[in-house]
Amino acid sequence: MRVLILGGTAEARDLARRLVESGAQVMSSLAGRVPNPRLPVGPVRIGGFGGVEGLAAEAAAYDAVVDATHPFAATITRNAYSACDRADLPLLRLERAGWAERSLSSWHWVDGHPEAASAARDLGGRPVLTIGRQSLAQFVPDLHDRAVLARVVDDRALDLPESWTVVTDRGPYLLADERRLLRSHAADVLVTKDSGGEYTWPKMLAAAELNIPVVIVRRPPLPDGMACVGDVGEVLAWLEELSPSGE
Ligand code: NAP
């Protein structure tokens, strides 16, 4: 099997490792957004495909595509759906479970970043934003005069208000550190996306412990009819069924 993995997540790296170990031919694809990305095992290509057409052309060299990109990387997921439809290629979405089932009464669910900015403005004067550098600009109109602490993986080329502080961290995010971060900033609201999974969960625990409300952005919907599974084992089983030899 020749498998193209659209990656940039821990699940994608896990899948690549397990497929390489099983002897499959794998290519992991990264967008190339961050310098020194965590690289998966096996071959890697880096950079955009040039939209649906480019992805369809490149994907045609594979037997199957797994879209294991981040739940908020909605454009590449839409493009993968259209490209695989066009190229008549099997496609499966691998997406970790969200946090909706763990929701607390102190969480405020919103549909997008502008709504999150306005909710954070209503809830506190010292917000902590953990929503990724690409979305920060959407918080400036509502929070430009607040003492914001923004945590990002990569702080290159950010143009933010003077009252904002930027800290860089790419994890692992430990509960004690998350507690310290929220306390040291005297945070009164935490803003996050529903990234799901365990890796960034400690900040939610720390906020709950410190009675800090959380504004949480709902995930964008998947394209209608897109097949989706929640763990790597299910992807491996799907690929095994697709494999002509059943191996
Ligand atoms: P996006 O808005 O959905 O995609 C924008 C464009 O980036 C796509 O149209 C595509 O360019 C290119 N692209 C995205 N993922 C790619 C991949 N895996 N391989 C090749 N090209 C890719 O994506 P994003 O939200 O900027 O996220 C970029 C990457 O970072 C994703 O791979 C994602 O898994 C990872 N990531 C995102 C987040 C997040 O919160 N959004 C968090 C953690 C990791 P072309 O149209 O030219 O093909």
Counting distance only, does the side-chain N/O of [X] pair as donor-acceptor with the main-chain N or O of [Y] below 3.5 Å?
X	Y	answer
Arg18	Gly233	no
Thr9	Ala68	yes
Ser184	Arg180	yes
Thr192	Leu129	no
Thr77	Ala74	no

For this session: Go through the steps for Val3 and Gln25 under the test side-chain contact (heavy atoms from CB on, under 4.5 Å), then give the verdict.
Result: CA-CA 6 Å; Val3 184; Gln25 286 181 49; over 6 Å; no

Problem set entry | Derivation and outcome, side-chain contact (heavy atoms from CB on, under 4.5 Å), residues Leu210 and Leu205 | CA-CA 9 Å; Leu210 300 171; Leu205 289 178; over 6 Å; no

Problem set entry | Salt bridge present between Glu178 and Arg151 (N-O < 4.0 angstrom) | yes

Exercise. Checking side-chain contact (heavy atoms from CB on, under 4.5 Å) for the pair Val215/Leu123: CA distance, chi angles, key distance, verdict?
Worked result: CA-CA 9 Å; Val215 175; Leu123 283 163; 3.5 Å; yes

Exercise. Regarding Thr69 and Arg93, is there a side-chain donor-to-acceptor distance under 3.5 Å anywhere?
Worked result: yes

Distance-minimising heavy-atom pair for [X] and [Y]:
X	Y	value
Arg2	Ala61	NH1-O, 3.2 Å
Pro114	Asp142	O-OD2, 4.1 Å
Leu143	Ala117	CD2-O, 4.0 Å
Ala16	Ser28	CB-OG, 3.6 Å
Ile5	Ala12	CG2-CB, 4.0 Å
Val65	Ala59	CG2-CB, 4.0 Å

Problem set entry | Approximate separation, where rounding is to 0.5 Å, of Leu190 CG and Ile216 CD1 | 9.0 Å

For this session: Nearest 0.5 Å please: distance from the CZ atom of Arg38 over to the CZ atom of Arg170.
Result: 5.5 Å

Do [X] and [Y] have side chains that approach each other closer than 4.5 Å (heavy atoms only, starting at C-beta)?
X	Y	value
His70	Ser195	yes
Leu19	Leu236	yes
Arg133	Val153	no
Thr168	Asp154	no
Leu181	Lys203	no
Ile212	Leu182	yes
Asp169	Val167	no
Phe72	Pro220	yes

Exercise. In terms of heavy-atom contacts, does CD of Glu162 have more than 12 from other residues, nucleotides or ligands at under 6.0 Å?
Worked result: no

For this session: Could you go through the salt bridge (Lys or Arg N to Asp or Glu O under 4.0 Å) check for Asp188 and Arg126 one step at a time?
Result: CA-CA 6 Å; Asp188 50 13; Arg126 301 188 61 79; over 6 Å; no

For this session: Please collect all ring-ring contact (aromatic ring centres under 6.0 Å, His included) contacts where either partner lies in residues 175-198, sequence neighbours excluded, each pair once.
Result: none

Exercise. Can you pull the ring-ring contact (aromatic ring centres under 6.0 Å, His included) pairs that have at least one residue in residues 130-184, sequence neighbours excluded?
Worked result: His113-Phe139, Tyr173-Tyr199

Problem set entry | Pairwise salt bridge (Lys or Arg N to Asp or Glu O under 4.0 Å) hits with a residue in residues 209-232, at least two apart | Glu95-Arg219, Asp111-Arg218, Arg179-Glu209, Asp194-Arg219

Exercise. If you look only at pairs with a residue in residues 70-83, which of them pass as a salt bridge (Lys or Arg N to Asp or Glu O under 4.0 Å), with sequence neighbours excluded?
Worked result: none

Transitively linked via ILVMFWY side-chain contacts under 4.5 Å: [X] with [Y]?
X	Y	result
Trp238	Val229	yes
Trp109	Val217	no
Val140	Ile131	yes
Leu242	Val66	yes
Val191	Val110	yes

Listed partners of [X] passing salt bridge (charged side-chain N to carboxylate O under 4.0 Å, His left out), at least two apart:
X	value
Asp14	Arg17
Glu234	none
Arg33	none
Arg102	Glu198

Just list the side-chain donor-acceptor pairs under 3.5 Å for residues 43-51, sequence neighbours left out, or say none.
{"unit_1": "Arg45", "atom_1": "NE", "unit_2": "Glu58", "atom_2": "OE2", "d": "2.5"}
{"unit_1": "Arg45", "atom_1": "NH1", "unit_2": "Ser29", "atom_2": "OG", "d": "2.7"}
{"unit_1": "Arg45", "atom_1": "NH1", "unit_2": "Gly47", "atom_2": "O", "d": "2.8"}
{"unit_1": "Arg45", "atom_1": "NH2", "unit_2": "Gly47", "atom_2": "O", "d": "3.0"}
{"unit_1": "Arg45", "atom_1": "NH2", "unit_2": "Gly48", "atom_2": "O", "d": "3.4"}

For this session: Take Leu160 and Thr165 through the test side-chain contact (heavy atoms from CB on, under 4.5 Å) and record every step on the way to the result.
Result: CA-CA 9 Å; Leu160 297 171; Thr165 306; over 6 Å; no

Seminar exercise, completed: Sorted by chain and residue number, the ring pair (Phe, Tyr, Trp, His ring centres under 6.0 Å) partners of Trp99 (sequence neighbours excluded) come out as Trp201

Problem set entry | Pairs satisfying side-chain hydrogen bond (donor to acceptor under 3.5 Å, both in side chains), at least one member in residues 115-125, at least two apart | Arg121-Asp145

Under 3.5 Å, which donor-acceptor pairs do the side chains of residues 84-92 form with other protein atoms, sequence neighbours left out?
none

